[in-house]
Number of protein chains: 2
Amino acid sequence: MRKRKTLVDVAAAAGVSKMTASRALRGDKDVSKASIERVRAAAREIGYYGNHLAASLSSSRAELIGVVVPALANVVFPEVMSGVSDALRGTGFQPVFGVTEYDTEKEYEIIRSMLSWRPAGLIITGLEQTEATRKLLSGADIPIVQTMDCDGEPLDACVGFSHSKAGYDIAKALLATGRRRIGYAGCNLDKDTRAAKRRQGFLRALADSGVPLAGEVTASGLSSIQSGRKLAEEILKRYPDLDCIYFSNDDLAAGGICYCLETGMAVPEQIALAGFNGLDIIEGFPGRIATSKTARHAIGQAAAGIILEAVKGNGSTGGQRIILEPTISLGALQKA
Amino acid sequence: MRKRKTLVDVAAAAGVSKMTASRALRGDKDVSKASIERVRAAAREIGYYGNHLAASLSSSRAELIGVVVPALANVVFPEVMSGVSDALRGTGFQPVFGVTEYDTEKEYEIIRSMLSWRPAGLIITGLEQTEATRKLLSGADIPIVQTMDCDGEPLDACVGFSHSKAGYDIAKALLATGRRRIGYAGCNLDKDTRAAKRRQGFLRALADSGVPLAGEVTASGLSSIQSGRKLAEEILKRYPDLDCIYFSNDDLAAGGICYCLETGMAVPEQIALAGFNGLDIIEGFPGRIATSKTARHAIGQAAAGIILEAVKGNGSTGGQRIILEPTISLGALQKA
DNA sequence: TTGAAAGCGCTAACAC
DNA sequence: GTGTTAGCGCTTTCAA
């Protein structure tokens, strides 16, 4: 096909200089109305759509924002991305994404690769990065927002909540309903540091209350409804007297309730189930599963907002920390 | 912070010219082993990580691949993205994403904005774009893959399957189990053209078999488990004699089964439910919901593969069409 | 095998 | 208000 249109083509078509065309297209002030109109018209006519590469190189700032998540299979992260995408809409910034698969080495490579696009900012998941990654990030000199977690020292800004506290709080809430034979079922705890933090908080609350953990099963690999079923089956076979199970998240809890209902157990009367996140799937079983509702979309929006603000301001996030605490939903558990 | 490292810094540190450094870093042949090692070492030492912006501008091809999806709230699309991300891992290409919210005007703007990053290729969802968008795309002169659908004329390459056929086939399968009082419940049919195509195929199969549609309810807005509950409630109140409901997707079907189980209906003995996609959530109710399992991850992988192939080859996808047909899973329905 | 020169398409900074 | 001059940091081309 014919050569791609450049600013020079627009300028020629509009009968002005390249520079005036550039200014008119970007909405710079100090351009006459007449020029603006002619340039815009010319651009539209010849089907010009700019070259961010050249613009970014020239102005040494790209309107690209990197978003790094551990996985896309867990709906939580697409929801964060969705929040980012919403906040970025209409700003001219474009999100670039990378998936680490909960692997810190991959995370390093992805971040490194993203940085070479000279993004305006980076949104990454969690507070735990390798030393090399932290060095890379702090040398990048762009706003960084760590999301989902605030149990630790952020590199720059962060938006999230304390998973440790979330685990602690739900344990206390479950204890307050009278449950005493409480088990724990979790997945991917070696890699998912946030799930591990919730577990820690959960166990601490039990200990604080003098209630021993009545049983525990864990598995490796990503959480899913199927793994939840399996873990529920396993824990209930090994510890049949449980009156409550805390799952590391809602996917597992959903699998758990399916198993329990199928085997004729009354949920939550006979066995209380609790998960984490407040996913849509929980609404399929209204009131039956306790959970901590997290604000994933809002976290994504807030993270993008911080970057936007920094970019438009002095380039610094000011080390902002936004805490969006989950809200506990006990549903029918509290009456039982 | 100190000025960012450039190729000149690396060259200086390695005692070679900028050009040799560039070649060494990119693994060009015709560079001496000695130079390669010195340059690599120098780069590592000073913490150099390149500038894709400059490289892309200079070589007029960016290692960026645009991925445009209608929504992130529907797990199907993150799964496609996940497939893309997997296929791109280690190739140096980075995915950029955009969300259209099923809005063709937004789609146009997003694609336009993406094109100005001069991506190596574009992966977009579906076959229905506005005339303006199609013009934009065909003028872009890069490989384009349309995903998820193949009912229509692709712009370039496409990876997907016929939704119309998928709807037709599941209807035939349900009819074969003996169901005759079949209802349809759907969401977002005005915007989700693929769901609408499935419905069309479904209705056509019923008509072909001389079985009238026994009832229909629809709603606007994105599908979710909650909307599935509501639709199930509505359709069963209006048409209590149904022996089967086909939902526009699995999210709705999952909401439907929750409603049915809660109200004490036997699934699938009393009422058969069918969805679409084969989501993980269906596994929570093993065998109880019929569905067509779609290969989202594989579709994403294949789409990215086509682009990669085209970029490494002559720049053309050759108008490839990859059909990944869904497989029907009837579970316990077939025995009922 | 290496290097020097010439851009890629745009914008910042300064004239006019 | 508009144009001119220099780059941004790399790669392509061509010469050595």
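The sequence lines fix the lettering, A, B, ..., with proteins before strands; numbering per chain opens at 1.
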If you check the B:Ser58 side chain, which of C:dC10, C:dG7, C:dA13 turns out closest?
-> C:dG7

Contact class for A:Arg61 (heavy atom, under 4.0 Å): base, sugar-phosphate, or nothing?
-> sugar-phosphate

Toward the 5' end of DNA chain C, which comes first, B:Ala54 or B:Arg23, by nearest nucleotide?
-> B:Arg23

Could you check whether the rings of B:Phe97 and A:Phe97 sit parallel, tilted or perpendicular, using 30° and 60° as the cut-offs?
-> perpendicular

Whole Å only: how far is the CG atom of B:Leu25 from the P atom of C:dT2?
-> 14 Å

Can you sort out the partners of B:His163 under ring pair (Phe, Tyr, Trp, His ring centres under 6.0 Å), two or more places apart, ordered by chain and number?
-> B:Phe161, B:Phe276

Reckon B:Ser35 touches a base, only the sugar-phosphate, or nothing at all at heavy-atom distances under 4.0 Å?
-> sugar-phosphate

Separation of atom CG in A:Leu53 from atom C1' in D:dG9, rounded to whole Å = 12 Å

Which nucleotide sits closest to the side chain of B:Val31: C:dA12, C:dT2, D:dG9?
-> C:dT2

Does a side-chain N or O from B:Ser32 land closer than 4.0 Å to OP1 or OP2 of C:dT2, or not?
-> yes

Between C:dG9 (P) and A:Asn51 (CG): distance, integer Å = 7 Å

Would you kindly say whether B:Ser138 and B:Arg134 are connected by a side-chain donor-acceptor distance under 3.5 Å?
-> no

How would you label the contact of A:Arg26 with the nucleic acid (heavy atoms, under 4.0 Å): base, sugar-phosphate, or nothing?
-> sugar-phosphate

Mapping A:Lys33 and A:Lys18 onto DNA chain D by nearest heavy atom, which one lands closer to the 5' end?
-> A:Lys33

Distance, rounded to the nearest Å, where B:Lys5 contributes NZ and D:dC8 contributes P | 16 Å

Any B:Ser17 side-chain N or O less than 4.0 Å from OP1/OP2 of C:dG3 | yes

Are there more than 12 heavy atoms of other residues, nucleotides or ligands under 6.0 Å from atom CZ of B:Arg89?
-> yes

Within this structure, what is the CG-to-C1' distance between A:Asp28 and C:dA12, rounded to whole angstrom?
-> 11 Å

Does B:Ser22 have a side-chain nitrogen or oxygen under 4.0 Å from the phosphate oxygens OP1 or OP2 of D:dT11?
-> yes

Please determine if a side-chain N or O atom of B:Thr20 lies less than 4.0 Å away from the OP1 or OP2 oxygen of C:dT2.
-> no

Between B:Gln94 and A:Ser113: side-chain donor-acceptor atoms closer than 3.5 Å = yes

Protein-nucleotide distance (B:Trp117, atom CH2; C:dC10, atom P), rounded to Å = 13 Å

Between A:Asp30 (CG) and C:dA13 (P), how many Å, whole number?
-> 15 Å

Using a heavy-atom cut-off of under 4.0 Å over every strand shown, decide if A:Ser60 touches base, sugar-phosphate, or nothing.
-> nothing

B:Glu153 with B:Arg321: basic N within carboxylate O range, under 4.0 Å = yes

To the nearest Å, give me how far apart CZ (A:Arg118) and P (D:dG9) are.
-> 8 Å

Would you please confirm or rule out a distance under 4.0 Å between OP1 or OP2 of D:dC10 and any side-chain N or O of B:Tyr49?
-> no

Given C:dT2, is OP1 or OP2 found less than 4.0 Å from the side-chain N or O atoms of B:Arg38?
-> no

